[in-house]
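See structure below.
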2 protein chains.
Amino acid sequence: MRDPPQPTPFGAHLRERREALRLTDRRFSVRQVAQRVGVQPSYLSKIERGEQPPPSEATVRALAAELGEDVDLLLALAGKVSTELQAIIRRRPQLFAELIRQLDEAPDHAVLRIVREVRDGSW
Amino acid sequence: MRDPPQPTPFGAHLRERREALRLTDRRFSVRQVAQRVGVQPSYLSKIERGEQPPPSEATVRALAAELGEDVDLLLALAGKVSTELQAIIRRRPQLFAELIRQLDEAPDHAVLRIVREVRDGSW
DNA sequence: GCATGTGTGTAGTAAGTAGTACACACTACA
DNA sequence: TGTAGTGTGTACTACTTACTACACACATGC
């Protein structure tokens, strides 16, 4: 049995989004998106069908821009975390490590409250 | 001119730490540490001198355990972020992305205050 | 009914990652 | 003075990442 490689969450999401855009704009074919993003159409096709794993961070970013998607969200679907965020963490690794582990169990609204607190400069 | 590959921060730190331990315990030679950590002595030697880039996360973890170092700190020196932390971030990528970017400019004590707040369950 | 566009199959590859295996020369010490 | 331990040089490699190049068969519109 030749296993038909099952779609990855990343690939499925990509295809869904692109097809949606394609309904109202024929510039969103596999070929044209691939060209604008800077990869071969066959490669993009394989990614969308999960025959290839998600591409590099740079390519994910280009895809996010092209499809109007949030970069952090799309990177997450690709199993990655932005190297920019990683750099921030690496500057104070123990501090951020403890914080992130704490927040793993906190509900969304609690994290959001903190984001707002920090943004409003309440320290 | 054959450039003598300059030491990486990771390698330098490793060597310093191991040599310090070696002063009071001869079990901390390159050979013996390498053996306990599960790599070739020549490989560890090259890493310490920066002739090889930092090793895999698994090996960094083994080294941290062996040398009594903080894992997150040593991973940071190796230019990495724990895959465990990355997994936490990927579960709520936009939330964590915004938080981390906000905190990039916050001073240590502000971040620490938040860590304590969260730990004390003040939400 | 023919050019143009579409998705996809096959084959290959350059560069990076994460090491191993073995030998050599030097040192300590008993 | 010889044996055990030390750090390091050389050479090699299996695996993964991140793609490219090209061809094919189908569909669509004018």
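Remember, predicted model here, so these are calculated numbers, not experimental data. All chains are named by letter (A, B, ...) in the order of the sequence lines, taking the proteins before the strands, and each is independently numbered beginning at 1.
Whole-Å rounding puts the B:Arg36 CZ to D:dG5 P distance at 14 Å. Here D:dA18 presents its P atom at 12 Å from CZ of A:Phe10, a figure rounded to the nearest Å. Atom CD of A:Glu19 and atom P of C:dT6 are 12 Å apart (whole Å). For the pair A:Gln40 CD and D:dA21 P, the computed distance is 6 Å after rounding to whole Å. One can place CZ of B:Arg26 at 16 Å from P of D:dA4, the figure rounded to the nearest angstrom. The separation between A:Phe28 atom CZ and C:dG5 atom P is 18 Å, rounded to whole Å. Between the C1' atom of D:dG7 and the CD atom of B:Gln35 lies a distance of 16 Å, rounded to the nearest Å.
With sequence neighbours left out, the salt bridge (charged side-chain N to carboxylate O under 4.0 Å, His left out) criterion links A:Asp104 to B:Arg91. For A:Gln86, there are no side chain to side chain donor-acceptor pair (under 3.5 Å) partners two or more places apart in sequence or in a different chain. Taking the side chain to side chain donor-acceptor pair (under 3.5 Å) definition, one finds that A:Arg61 meets it with A:Glu57, A:Ser82, sequence neighbours left out. With sequence neighbours excluded, the residues forming a salt bridge (charged side-chain N to carboxylate O under 4.0 Å, His left out) with B:Arg92 are A:Asp108, listed by chain and number.
Applying the under-4.5 Å side-chain rule to Ile, Leu, Val, Met, Phe, Trp and Tyr, the cluster around A:Leu73 consists of that residue alone. Counting Ile, Leu, Val, Met, Phe, Trp and Tyr side chains that sit under 4.5 Å apart, directly or through other members, B:Val33 shares a hydrophobic cluster with B:Phe10, B:Leu14, B:Leu21, B:Phe28, B:Val30, B:Val37, B:Val39, B:Tyr43, B:Leu44, B:Ile47, B:Val60, B:Leu63, B:Leu67, B:Val71, B:Leu74, B:Leu75, B:Leu77.
Within residues 53-82 of chain A, no residue has a heavy atom under 4.0 Å from DNA chain C.
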Distances under 3.5 Å only, N/O to N/O: pair up the protein atoms with those of nucleotides 8-11 of chain D.
residue: D:dT8; atom: OP1; partner: B:Arg15; partner atom: NH1; Å: 3.3
residue: D:dT8; atom: OP2; partner: B:Arg15; partner atom: NH2; Å: 2.7
residue: D:dT8; atom: OP2; partner: B:Ser45; partner atom: OG; Å: 2.6
residue: D:dT8; atom: O5'; partner: B:Ser45; partner atom: OG; Å: 3.4
residue: D:dG9; atom: OP2; partner: B:Arg49; partner atom: NH1; Å: 2.6
residue: D:dG9; atom: OP2; partner: B:Arg49; partner atom: NH2; Å: 3.2
residue: D:dG9; atom: OP2; partner: B:Glu51; partner atom: OE1; Å: 3.4
residue: D:dG9; atom: O6; partner: B:Ser42; partner atom: OG; Å: 3.4
residue: D:dT10; atom: O4; partner: B:Lys46; partner atom: NZ; Å: 2.8

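The nucleotide whose nearest atom lies closest to any side-chain atom of A:Arg22 is, among D:dA21, C:dC22, C:dG7, C:dG7.
Phosphate contact (OP1/OP2 of C:dT6, side-chain N/O of A:Gln32, threshold under 4.0 Å): present.
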Can you list the steps and then say if B:Glu117 with A:Arg113 is a side chain to side chain contact (heavy atoms under 4.5 Å, CB included)?
CA-CA 12 Å; B:Glu117 264 183 41; A:Arg113 215 203 58 193; 3.8 Å; yes
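Put simply, the side chain of A:Glu69 reaches to within 4.5 Å of the side chain of A:His13, judged on heavy atoms.
Each salt bridge (Lys or Arg N to Asp or Glu O under 4.0 Å) pair with one or both residues in residues 29-46 of chain B, not counting sequence neighbours, appears once here: B:Arg36-B:Glu66.
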